[in-house]
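It should be emphasised that the depicted structure is a prediction, and the values quoted were computed from it without experimental measurement. Residue numbers start from 1 in every chain, and the chains themselves are labelled A, B, ... in the order their sequence lines are given, proteins ahead of strands.
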Amino acid sequence: MLSPSMINDPEHLLDGLTEPQLEAAAHVDGPALVLAGPGSGKTRVITRRVAWLLHQGIPAWQVLALTFTNKAAGEMRERIDALLPSTMTNRRGLFVATFHAFCARQMRNHAQLVGLDSGFSIYDTSDQRSAMKEALSTSNLDSGNWTPASMLSAVSKAKNDLKTAAACEEEAGDFYTRAVARAYQSYSKILRRNNAVDFDDLLLLTAELVRTNEAVRSELQNRFKYVLIDEYQDTNHAQFVIADGIANAHGNLFVVGDPDQSIYGWRGADVANILEFEEKYSGTKIISLGRNFRSTGHIVAAADALIRNNRRRKHKDLHTELGDGEQVRMIRCQDERHEAEQIALAIRSASTDGIDYRSMAILYRVNALSRVLEDSLRSAGIPYVIARGTAFFARREIKDALSYLRALANPLDDVALARIVNVPARKIGAKTLKAIGRHAMHEDISLFDALLDVNRVEGIGPRARRSVEIFTQTVARWQAQLENGHLAQLAGFVAQVITESGLEAMHLGTGEEDGQERVANLNELVNAAAEFEMPDEELDGPPPEATDANESTLPIVDSAPVAGLLEALRSFLESVALVSDQDAIDESRGAVTLMTLHAAKGLEYDFIAMAGLEEGMLPHARSQEGEQELEEERRLCFVGMTRAKRRLVMTMAASRAVRGQRNRTVPSSFLSEVPEEHVSLERLDGSGGFDEGLSIVYDSEFIDESHDEEGRGLGARFPAGTVVRHPQFGIGTVRSISPRGTVSSAKVAFHGIGTKTLILEYARLEIVHG
DNA sequence: TGGCCGTGACTTTTT
DNA sequence: GTCACGGCCA
């Protein structure tokens, strides 16, 4: 076994590490898999290891570290930087980025190889939706059988598996898959025509490039001799191909992750990547980090007990040496308002106990839950921020401003142009636009070129014609400015477009109630542009000497430093397109953070409140159909619980209004999977218990010892084959029964509905015949 | 052309 | 409860 004293470590990089941490941090060559439980010092290991590599004389520009969020990338960069002596000569050029940003960078450099212009746009969800809408209507698929959103998710799935539209076409069998293939085809065409890509394309096209283009592959292989990937359990097939393509030449692939924290299966993440890593890379060094340095005993034990209910997992022993700490508080509240108040109270008392607001967070399964929590925090006078980086850029006024900028950065982007050509209203209405669109289609030119050609378009009145001319002149002026300007003018330019486009006046003028707020948001966008820094040469770009080494292949990955205004704008738009919700978190604000469980991945807080622990909420109703989905929900719950360092509160509301409809709820089965000795249970919903079946079950789970006869007994009454009646789903047949915690879950096939997984104790099944 | 209002569909999670 | 869309009127 290694120990610091056995290794020459003058910079003390390996000091204070546990044995397995040391093993990982001092790993240099060959494949390595670090299975890092929650709070096991993962980031510490990664940063020390990078510093260690450089310490061994490996130039920083040969190291590539990939993360999932910009926040994680930024933190990693900072922490590595802090570990490196400023005198170190080989510290320049470290490449730390998110997968998506890395891919965007590759594509800017090799745009022509994938049939794009380097000014390509990155479409966000709403752009994708308009593109898909158009795709469906042009290929006569808009019959109402499927929505743009469902088609997009099918296409996304295909892309994550690296399937092209042609491949989908080929293997399409039934009506639905054929429709998907056609929609995919037509959607891709639209994106291509607009010189645009979606999020999945960034990965897909880069993977294709790495896989099929020898020159690009060897360029990447030659530069990046050491590849690190964080949160490896959440990589999808495309990401695997990219990482593998770069690293298989030298095998220096170092991945860190935790299968128990895999929560992006729905997005194409493939846990097999981490589970089968050692088979794919022979000679893999496997290091398991189980000791938790984050949370106190009851929290770790509670989370551990929960996750043990997953069948498809590799067990890892979780333990802490931080002492028992406090029990997990579980509070049953009356309704969602009451729940929000209880959480506010818990935050107050945590604050009194010396926990800073900035070290507290409230987590929930769906964004819709944030509203009521916000209300209660506001009236309690507790400062809070919502981690929703993407929401800011989805606001109408911001999307408008960005569409202006995008149309300027990428003149082929018809989606952006169409959005703003008449915003604010400038007499270029639907009719005019349609005529112009037809002309563009007919002449096979972009919408903007068609606007320039307005005098040749029929069916447009003189007034509209004049308006179009004024608009195109303004745009031309901006474009000229972009060509000639430089980086430092970015914020000024953004402000100018906001003013000269009339957007600002539009929101100020009409006396809209929220006009002021919208203008403030636009100013915020200008601030973002002012704070935007081009990818930093110091830590991000390769040093000049790197260029020489690769002259025989292609120019080095990164081209000359960008200084022009146009490049700056494109870079800015790219960074804006790739923001994550986590990026909105700013610890310096001293506020409680609200976010989804998904967004909480990788973060930690002294105090965590988890809201909405109800069946249908967590686990979410949409994921209760199969065992796999249920296990992912359980992992999500596990991720949430393990964010807490000292205090964990889990709440549920006995009744909750969903979509305006108030419903009684059933406590999440996850709650009952936590052993009593780690829990302090509080019932504040006022119900006596015996008059209501649900609360009896809830009681029995935690307080009553009588659950054995009630719980286990039920499974025996519904053997497979029993025909039952469900109040909502109707008649069905029991397929199988399996014990889950102290209750029994049944898979029941309902006529015309499909198979549902039900908790026998909660679903009021009636036996039709046995 | 543009704005207003009523109706209906829909919400899981995100780079 | 919210958003998007289509129809209707100034």
Around atom CZ of A:R465, are there more than 12 heavy atoms of other residues, nucleotides or ligands at under 6.0 Å? yes
Outermost nucleotides of DNA chain B that come under 4.0 Å of a non-hydrogen atom of chain A: B:dT1 to B:dT15
Could you check whether [X] gets within reach of a base, just the sugar-phosphate, or nothing at all, counting any heavy atom under 4.0 Å?
X      : value
A:R662 : nothing
A:T432 : sugar-phosphate
A:D581 : sugar-phosphate
A:Y264 : sugar-phosphate
A:A425 : sugar-phosphate

I need the CZ-P distance between A:R395 and C:dT2, as an integer number of Å. 14 Å
Separation of A:K399 atom NZ from C:dA4 atom P, in whole Å? 11 Å
Under a 3.5 Å threshold, yes or no: a donor from one side chain and an acceptor from the other, between A:S580 and A:D583? yes
Checking side-chain polar atoms at under 3.5 Å, does A:T69 have a donor or acceptor matched by the opposite partner on A:Q582? yes
Centroid separation under 6.0 Å, is that true for the rings of A:W266 and A:H598? yes
Kindly say whether the aromatic ring centers of A:H100 and A:F68 come within a distance under 6.0 Å. no
Which residue lies more 5' along DNA chain B, comparing A:N422 with A:E633 via nearest heavy atoms: A:N422
Ranking A:K431 and A:A599 by the position along DNA chain B of their nearest nucleotide, the one closer to 5' is A:K431
Geometric cation-pi criterion, A:R426 with A:F471: 6.0 Å, 45°: no
Hey, is A:R419 close enough to A:D400 for a salt bridge, meaning N to O under 4.0 Å? yes
Could you tell me how far B:dT11 sits from C:dG6 if I compare only their C1' atoms? Round to whole Å. 22 Å
How far, in whole Å, is B:dT13 from C:dA4 if one measures between their P atoms? 15 Å
